[in-house]
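Because the structure is a prediction, the values reported are computed rather than measured.
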Amino acid sequence: TQDGRGATGTPSFTLDRRSAIAHLGDEVFIVGATASHGEHAVGWSFAASALTTTPLLGGAAGLWSDSQQLFAVGLGGRILHYDGHAWLEQVPRGAKRDDLWSVWGSGPADVCAGGRGRIRRYDGRRWTTIYKRAGLSISAIWGLAPDEIYAVGSEGTLLRYSPNRL
């Protein structure tokens with residue numbers, strides 16, 4: 001963190017332990033940041049050398065992007081999708097609104113999100129629950145390919161996804 005304003009006139013900020021950073025084109029997004037003037041701005045966007053808050057990202061905990069889109073997940077099971085032009089909230093049909101903390105994808109039609117008690121998967125059209133267990137918290141998801149995805153969480157949990165089961 002810096003004191004006062006940075007060289008470009010943008011306010012400084014401090015990242016907390018659950019911060020996430022992703023980029024899409026010439027924009028960089030940060031969630032889990034506190035501005036130097038005390039505002040807890042959970043979403044920042046750097047575009048054209050300007051730093052602006054992104055109110056829609058309030059409560060976001062995880063970010064993932066590829067060259068075409070960005071997904072943000074967070075409190076209350078919130079899932080946001082950004083196509084480079086507009087944000088759209090995606091609500092899984094009949095979904096329990098458990099907190100989500102991590103998101104990873106292999107491409108635009110294959111994104112996984114994990115958090116309190118479940119892992120959800122997006123196929124480019126809809127989100128479905130692919131794993132759930134009461135009391136389990138998924139803290140991170142990462143993968144190498146659509147059929148090689150790993151999740152870690154509470155109680156020393158390590159899960160590996162295979163196409164037929166998790």
> Between the main-chain N or O of I141 and the side-chain N or O of S102, is there a donor-acceptor pair closer than 3.5 Å?
Replying inline: yes
> Are any of the side-chain heavy atoms of L70 and W64 separated by less than 4.5 Å?
Replying inline: no
>> Quick check: closest heavy atoms across A61 and L100, and the distance to 0.1 Å?
In response: CB-O, 3.9 Å
> Minimum heavy-atom separation for S154 to G135, with atom names?
Replying inline: OG-O, 3.9 Å
> Are any of the side-chain heavy atoms of T157 and V152 separated by less than 4.5 Å?
Replying inline: no
>> For a 4.5 angstrom cut-off between non-hydrogen side-chain atoms, does E148 reach R160?
In response: yes
>> Quick one, Y122 with F71, criterion ring pair (Phe, Tyr, Trp, His ring centres under 6.0 Å). Give me CA distance, side-chain angles, the key distance, then yes/no.
In response: CA-CA 11 Å; Y122 180 67; F71 284 88; 5.4 Å; yes
> Would you find a donor on one side and an acceptor on the other, under 3.5 Å apart, between the side chain of Q69 and the backbone of P108?
Replying inline: yes
> With no hydrogens and no angle check, is any side-chain donor or acceptor of D99 less than 3.5 Å from a backbone partner on R116?
Replying inline: no
>> Nearest 0.5 angstrom please: L144 CG to Y150 OH, how far?
In response: 6.0 Å
>> For the CH2 atom of W142 and the CD1 atom of I149, what is their distance to the nearest 0.5 Å?
In response: 11.0 Å
>> For the CH2 atom of W101 and the OG atom of S139, what is their distance to the nearest 0.5 Å?
In response: 8.5 Å
> Measuring from D83:CG to H85:NE2, what's the distance to the nearest 0.5 Å?
Replying inline: 5.5 Å
> So do L80 and Q90 actually touch side chain to side chain, heavy atoms under 4.5 Å?
Replying inline: no
>> Working to the nearest 0.5 angstrom, can you tell me the gap between D98 CG and R120 CZ?
In response: 7.0 Å
>> Would W87 and Y82 count as a ring pair (Phe, Tyr, Trp, His ring centres under 6.0 Å) here? Give the steps.
In response: CA-CA 4 Å; W87 288 97; Y82 182 64; 4.6 Å; yes
>> Regarding T128 and R121, do their side chains bring together a donor and an acceptor under 3.5 Å, going by distance alone?
In response: no
> Considering all heavy atoms of both residues, which atom of D66 and which atom of G107 are nearest to each other, and what is their separation?
Replying inline: OD2-C, 3.8 Å
> For the atom pair CD1 (I79) and CG (L88), what is the distance rounded to the nearest 0.5 Å?
Replying inline: 11.0 Å
